[in-house]
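All chains are named by letter (A, B, ...) in the order of the sequence lines, taking the proteins before the strands, and each is independently numbered beginning at 1.
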Number of protein chains: 2
Amino acid sequence: MTDGTTIEQQLQAHGIHPTAARILVLQKLSELTHPVSMTELETELETMDKSTIFRTLNVLLEHHAIHSFEDGSGSTKYEICRCESTVCRVENRHIHFYCEECRRTFCIEDVKIPIVALPEGYHIETINYTVKGLCPECSRRQA
Amino acid sequence: MTDGTTIEQQLQAHGIHPTAARILVLQKLSELTHPVSMTELETELETMDKSTIFRTLNVLLEHHAIHSFEDGSGSTKYEICRCESTVCRVENRHIHFYCEECRRTFCIEDVKIPIVALPEGYHIETINYTVKGLCPECSRRQA
DNA sequence: CCGCACATGCAACCCGGTTGCAAACTGACA
DNA sequence: TGTCAGTTTGCAACCGGGTTGCATGTGCGG
């Protein structure tokens with residue numbers, strides 16, 4: 001699901017009926033290099049209603065076109081899924097970093113989530129690995 | 001900070017002035033074997049006001065007597081810190097499991113958070129490793 | 001006993017997320 | 001092409017976790 005395909009094709013590949021709203025949201029998410037909150041999307045897409053964004057994100061989530069996770073900021077963050085296939089495996093997911101100073105959330109694309117062995121019986125759906133602390137910029141400023 | 005010491009002593013060891021509210025909250029957290037939300041604490045401690053619980057939890061957090069983290073439930077969860085020393089190292093922290101079916105959060109005490117190497121410059125404060133999926137009970141029921 | 005700093009309760013508030021409902025749109029079919 | 005059913009969207013209202021301001025209570029040093 002990387003470049004070469006249009007947003008519309010990406011939606012269809014995930015079995016999502018491509019509407020204006022869905023194209024716009026996915027478009028925006030694919031442009032951004034960092035995860036965003038619903039509120040941030042709201043300001044990026046002023047024409048679109050909050051509830052529409054909310055429902056659109058849910059559709060995209062259900063069809064695994066995007067991921068969501070919680071950094072420690074209080075609001076859920078969303079990012080486009082850049083897997084090759086339409087199903088994204090846990091092993092391919094990267095970790096995130098939340099800076100407690102500037103409150104930005106970073107994708108650490110290079111570092112994949114380490115998978116642990118759980119006790120018998122647990123069925124893993126998804127994993128969230130988020131590090132909190134100071135980003136390079138802020139820790140330099142503090143020093 | 002394990003057994004043998006009273007709740008009051010534990011508070012003092014963390015440099016916290018032991019008041020009735022703080023003792024009650026820490027007491028409750030030490031009894032419980034699973035992480036709880038503020039709301040859950042509210043119902044457990046009916047006498048105490050929501051805002052008092054909120055501020056108490058913050059005091060306990062600042063002095064590292066407890067931990068907080070977000071499973072995917074929307075509300076922050078709190079659990080007592082069972083480290084030996086007054087400072088709890090990241091390496092000692094365990095992972096959590098959130099069941100999307102029964103909405104319970106489990107401590108997987110046996111499994112410690114795997115530590116990854118971050119790119120230069122990031123300063124780690126804390127890490128949240130939470131697995132979402134089905135707990136043993138619910139996945140058996142579904143089968 | 002007084003005064004001060006800190007702790008608590010109450011009520012109001014903020015805001016992210018969520019829902020009900022009516023209008024707008026789309027696509028299938030006559 | 002016109003019509004109807006199902007889907008999508010916007011609007012407004014709501015919900016609940018979290019947070020704050022302020023007045024009252026409590027404990028301690030002087």
Side-chain angles (χ1 to χ4, degrees), chain A residues 7-8 11-12 14-29 35-63 65-79 98 100 103-105, chain B residues 7-8 11-12 14-29 35-63 65-79 98 100 103-105 128 132:
Chain A
I7 298 293
E8 213 167 322
L11 285 169
Q12 270 153 351
H14 285 280
I16 305 170
H17 183 205
T19 68
R22 293 170 185 171
I23 294 174
L24 276 175
V25 169
L26 195 57
Q27 177 77 57
K28 185 54 76 179
L29 283 176
V36 286
S37 63
M38 229 182 69
T39 323
E40 203 170 334
L41 275 178
E42 246 179 286
T43 62
E44 292 275 343
L45 307 164
E46 333 89 50
T47 60
M48 206 174 304
D49 187 75
K50 177 165 79 150
S51 64
T52 305
I53 298 183
F54 172 69
R55 289 189 268 237
T56 301
L57 287 172
N58 280 355
V59 170
L60 296 177
L61 274 176
E62 280 160 23
H63 291 78
I66 62 174
H67 296 306
S68 74
F69 66 95
E70 346 214 332
D71 46 28
S73 70
S75 59
T76 308
K77 292 295 195 307
Y78 301 88
E79 67 181 350
Y98 176 72
E100 292 175 314
R103 288 144 200 269
R104 280 185 298 171
T105 302
Chain B
I7 298 294
E8 214 168 323
L11 285 168
Q12 270 154 351
H14 285 281
I16 305 170
H17 182 208
T19 67
R22 292 170 186 171
I23 293 174
L24 276 175
V25 169
L26 195 58
Q27 176 77 56
K28 186 54 76 179
L29 284 176
V36 285
S37 63
M38 229 183 68
T39 322
E40 205 170 332
L41 274 178
E42 246 178 286
T43 60
E44 292 276 343
L45 308 163
E46 332 90 50
T47 60
M48 207 173 302
D49 187 74
K50 177 164 79 148
S51 64
T52 305
I53 297 182
F54 172 70
R55 288 190 267 238
T56 300
L57 287 172
N58 280 355
V59 170
L60 295 177
L61 274 176
E62 280 159 25
H63 291 79
I66 62 175
H67 295 307
S68 75
F69 66 93
E70 347 214 332
D71 46 26
S73 71
S75 59
T76 308
K77 291 296 195 307
Y78 301 89
E79 66 180 350
Y98 176 73
E100 292 175 313
R103 289 145 200 269
R104 280 185 297 171
T105 303
N128 176 17
K132 276 196 202 183

Open item on the list: I need the NZ-C1' distance between A:Lys77 and C:dG17, as an integer number of Å.
Closed with: 14 Å

Open item on the list: Nearest whole Å is fine: how far is C:dT26 C1' from A:Glu8 CD?
Closed with: 14 Å

Task: 5′-ward residue of the pair B:His17/B:Tyr78 relative to DNA chain D - done: B:Tyr78

TODO: Could you check how far CD1 of B:Ile23 sits from C1' of C:dT8, rounded to whole Å?
DONE: 15 Å

Open item on the list: Determine whether a donor-acceptor pair (N or O, by modelled atom type, separation under 3.5 Å) exists between the side chain of A:Arg22 and the backbone of A:Leu60.
Closed with: no

Task: Nearest-angstrom distance from the residue atom CD of B:Glu40 to P of D:dG16 - done: 16 Å

Task: Check: C:dC6 base within 3.5 Å donor-acceptor of B:Thr19 side chain - done: no

- [ ] Report the distance from atom NE2 of B:His67 to atom OG1 of B:Thr76, rounding to the nearest 0.5 Å.
- [x] 15.0 Å

Open item on the list: Give me the atom names and distance for the closest heavy-atom approach of A:Arg103 to A:Tyr98.
Closed with: CG-OH, 3.3 Å

Task: Between D:dG10 (P) and A:Leu24 (CG): distance, integer Å - done: 10 Å

- [ ] Check every strand shown and say whether A:Thr76 touches a base, only sugar-phosphate, or nothing at a heavy-atom separation below 4.0 Å.
- [x] sugar-phosphate

- [ ] Taking all heavy atoms of B:Ser37 and all of B:Lys77, pick out the closest pair and write down the distance.
- [x] N-CD, 3.5 Å

TODO: With a 4.0 Å heavy-atom cut-off, tell me which residues in residues 52-60 of chain B come close to DNA chain C, sorted by residue number.
DONE: B:Thr52, B:Arg55

TODO: Check whether any side-chain heavy atom of B:Val25 lies under 4.5 Å from a side-chain heavy atom of B:Ile66, and answer yes or no.
DONE: no

Task: Distance (rounded to the nearest 0.5 Å) between B:Leu26 CG and B:His14 NE2 - done: 7.5 Å

TODO: Quickly work out the A:Leu41 CG to D:dT9 C1' distance and round it to whole Å.
DONE: 17 Å

Open item on the list: Looking at D:dG17, I'd like to know if its phosphate oxygens (OP1 or OP2) sit under 4.0 Å from a side-chain N or O belonging to B:Thr39.
Closed with: yes

- [ ] Would you mind telling me which residue lines up with the more 5' stretch of DNA chain C, B:Arg22 or B:Ser51, judged by nearest nucleotide?
- [x] B:Arg22

Task: Donor-acceptor pair under 3.5 Å, A:Lys50 side chain vs C:dG17 base - done: yes

- [ ] Can you tell me the distance, in whole Å, between the CG atom of A:Asp49 and the P atom of D:dC11?
- [x] 6 Å

- [ ] Would you mind telling me which of C:dG16, C:dT8, C:dG9 lies closest to the side-chain atoms of B:Ala21?
- [x] C:dT8

Open item on the list: Could you tell me how far apart B:Met48 (CE) and C:dA7 (C1') are, to the nearest whole angstrom?
Closed with: 12 Å

Task: From CZ (B:Arg104) to CG (B:Asp71), nearest 0.5 Å - done: 13.0 Å

